[in-house]
Each structure stands twice: as C-alpha cells, then as structure tokens.
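Everything quoted here is computed from the prediction, not taken from an experiment.
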Amino acid sequence: MMFTISVPKPGLVRFSHDGTRRPQKFDRTDFVWSMKMESKFSHDRKIEELSVELPTPPSPRPDSSRDRALQFNRGQPSGKDLDPDDMFEFGGYIAREAMCDEEYWTAAYLRAETRWEDRNHDRYVESHIRKYTEQEFNEIKRRSNVQFGKKCRCIVTMKKDSKNVKRTVLKSMVGTLDLRIRYLLNGETFPEEQVKPSIFSSFSMTRSNRYGYIANLCVIKPARRQGVARNMLQFAIKQAKLDELERVYVHVDRKNKNAQDLYEKMGFQIIESTNPQLEKDELYLLCLKI
C-alpha cells in the first residue's frame, strides 16, 4: 500500500542587533515523501487482522488538507431508504455498509485507535494514529470502490437516531469490520497454505476459489456486551451469502479466548492443518462454511 506525507519547509526568522524578531518571508517548498508498507509482516498482520475491542475514542480533530472537505458535523445517512437486505437492526443499533466518506474516515479512526490503544506511553502516539487514519481511510475507499471492482465491504454499526436526538457520524459509530473478497492460489485448500508461494503462483477467479475474510473487527467500550460484535458478524455473513461466497475465514489471537468463543458460537471452526507460521505468530485460522 502506498501513501504520501507532505512536509512543509519551515519559514525563517531574522533577528536584529537589539534582539527583536523580524520575520522575513521566504518561499515555502513542500517535499512529498512516498513510502511503501507491506502488510505481510507477521507482527503487522497480527495487529491489523485480529478481533479486538477498543475504548471510547475522543472526538478526533482532523487537520490534513484531505480531511477538510469532510463534513464531520453532518448527521448520519438515513436508513429509511435502505433495502432490508442492506441492513440489520438490533436493539438501539443498525449494522450496514458504510455509506459516505465521513463514515469511512470514522471507521479508519477506530482502527487506528485499536493499533495503538496499548501504547499510551508513546509520546508520538497521536501522530501515529493521525497518519494511520489517513492511510486506512484511503485504503477503505480504494477497496470499496465499485469502479475498480469491489473487493471489500466496510461494515459499520451505528446508533439509531431517535425522535428527539439526531447524532452525527462521529457520535453514532460504535463498531466496524471489513468483509474482504479474496481468491485461493492454485493448489491451496485454505488461505496462506503456501508459506512462501512461488513467484509463478497464480489463482483462478472462479467461484470455488473465492472466499470471504473478516478483518478489523472492533467495538468501542460503552457498546461492549450488547451483542454488537455478534450482530455485526451475522450481518457480514449474510452479505457473504449474497456475494455467493461459500467460505469465510478469520485469524484470531490464540490468547484471545473471548474472540474464539464468539466465532465458535457463530459456527466458525479452527483449521488444524495450517502452516507453521501461524503457530509462530500465535494465531488460529478459523473457517465458516456457508
């Protein structure tokens, strides 16, 4: 995945002999650095693709030029115009696909909070979260863009509006996950069966090779133990059926017993004959046949 960081060159200040500051204008030059991040590293994959819960995020303050066009005070889109197959209502919540850039950005922010939720001692944590949010926001838009072939459904769970309360997107979202559509390499019976696939490995875009993959499942603290994760998963499985997928996979931390119990209650089963790398990463690969 590629992202760019613009670094403005600071202006200079001239001091006179009496010590007073006399700012002098200089032309500013923007440098653009391009960086490439591989998501195949086991540590990154472990953080990115595990099912986790995160505390309530503070109201973010987007400050990049790309975010200025987003209307963070706008109300969430109405679900009245949605087809019943496009949403799932439970309690005071509704699970559905993200419908606007503001929801993509908020989902990205929740995921960024997840990655650094245990690093409060890091003095640069806010900078890390801000940069990752912008990166993930652009990735979600790219993956969900029908124009380039839809490869992912960004699913969110929102608080329902009431008669007297109209909530903004930022205040409405309580959870998010990705349902990604992938293909097995030729010869594979489950994802990443080939630890080091040959450069000549290929895949066939056939129905039998297609599968769904759950990633980035997270729920904010006040919404835990209210069935948000379970119902969001149920909606994702329903969408997988509509996409004519026959299997859905997910990686789970071997120490995360709560996540394992959740997936097993939903019908997922641990694949025992996985590659040795998963044992090193302390991950289980689970599969649901639908």
Side-chain angles (χ1 to χ4, degrees), residues 37-57 95 107-122 124-125 128-129 132-133 135-136 139 152 154-157 174-180 182 188-196 211-237 240 247-289:
M37 296 183 64
E38 297 288 346
S39 60
K40 290 299 183 182
F41 291 103
S42 60
H43 178 67
D44 288 343
R45 181 181 64 187
K46 183 175 179 180
I47 294 177
E48 176 185 358
E49 296 181 344
L50 296 187
S51 302
V52 294
E53 292 180 334
L54 66 159
T56 307
Y109 181 78
L110 295 186
R111 297 170 188 185
E113 281 281 307
T114 300
R115 289 178 69 95
W116 282 277
E117 64 178 346
D118 296 326
R119 301 189 193 179
N120 294 330
H121 60 281
D122 189 340
Y124 301 110
V125 65
H128 295 325
I129 290 174
Y132 182 84
T133 298
Q135 173 191 343
E136 182 66 9
E139 281 298 304
C152 176
C154 177
I155 295 173
V156 296
T157 296
V174 298
T176 178
L177 67 79
D178 278 347
L179 172 62
R180 301 178 183 176
R182 296 178 173 178
E188 285 188 331
T189 57
F190 56 83
E192 300 180 8
E193 182 177 6
Q194 300 179 25
V195 180
K196 294 181 179 180
Y211 67 91
Y213 183 80
I214 300 292
N216 297 316
L217 172 58
C218 54
V219 180
I220 65 173
K221 188 175 181 179
R224 295 176 187 174
R225 302 189 182 281
Q226 299 181 40
V228 173
R230 176 172 53 82
N231 283 284
M232 195 159 48
L233 274 171
Q234 187 172 337
F235 177 72
I237 294 169
R247 290 156 295 175
V248 177
Y249 293 89
V250 64
H251 283 104
V252 180
D253 190 333
R254 297 192 177 200
K255 298 178 182 178
N256 193 340
K257 299 300 182 183
N258 290 333
Q260 292 176 37
D261 291 343
L262 170 63
Y263 287 113
E264 288 176 354
K265 288 178 180 178
M266 299 293 295
F268 285 80
Q269 295 181 343
I270 296 176
I271 298 178
E272 299 293 344
S273 58
T274 53
N275 65 58
Q277 186 62 44
L278 290 182
E279 186 173 352
K280 293 180 181 179
D281 296 341
E282 297 184 345
L283 297 174
Y284 284 126
L285 178 64
L286 283 72
C287 176
L288 173 68
K289 296 181 179 179

Flag, side chain of Arg254 to backbone of Leu283, donor-acceptor distance under 3.5 Å:
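Checked: pair present.
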
Can you list everything that forms a side-chain contact (heavy atoms from CB on, under 4.5 Å) with Asn258? Sequence neighbours excluded, please.
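Expected list: Asn256.
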
What's the spacing between [X] [atom1] and [Y] [atom2] if we round to 0.5 Å?
X	Y	atom1	atom2	value
Met232	Thr157	CE	OG1	4.0 Å
His128	Arg115	NE2	CZ	10.5 Å
Arg230	Leu262	CZ	CG	8.5 Å
Leu288	Glu264	CG	CD	12.0 Å
Leu179	Asn216	CG	CG	12.0 Å
Leu278	Ile271	CG	CD1	9.5 Å

Determine whether [X] and [Y] make a side-chain contact, defined as any pair of heavy atoms from C-beta on separated by less than 4.5 Å.
X	Y	value
Arg111	Asp178	yes
Leu286	Ile270	yes
Ile237	Met266	yes
Val250	Tyr284	no

Does NZ or CZ of Arg182 fall inside the cone over Tyr211's six-membered ring, less than 6.0 Å from its centre and within 45° of the axis?
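Cation-pi check for Arg182 and Tyr211: fails.
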
Locate the shortest heavy-atom distance separating [X] from [Y]; write the atom from each residue and the value.
X	Y	value
Thr133	Ala112	OG1-CB, 3.3 Å
Ala240	Val248	CB-CG2, 3.8 Å
Leu177	Ala236	CD1-CB, 4.0 Å
Ala223	Val228	O-CG2, 3.5 Å

Which of these, Tyr263, Phe268, Tyr213, sits in a ring-ring contact (aromatic ring centres under 6.0 Å, His included) with His251?
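Exactly one option meets the ring-ring contact (aromatic ring centres under 6.0 Å, His included) with His251, and it is Tyr213.
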
Greater than 12 external heavy atoms within 6.0 Å of Glu279's CD
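No - once you tally the heavy atoms of other residues, nucleotides and ligands closer than 6.0 Å, there are 12 at most.
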
Is a salt bridge present between Lys255 and Asp253, judged by a nitrogen-to-oxygen distance below 4.0 Å?
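Between Asp253 and Lys255 there is no salt bridge, as every charged N stays at least 4.0 Å from the carboxylate O atoms.
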
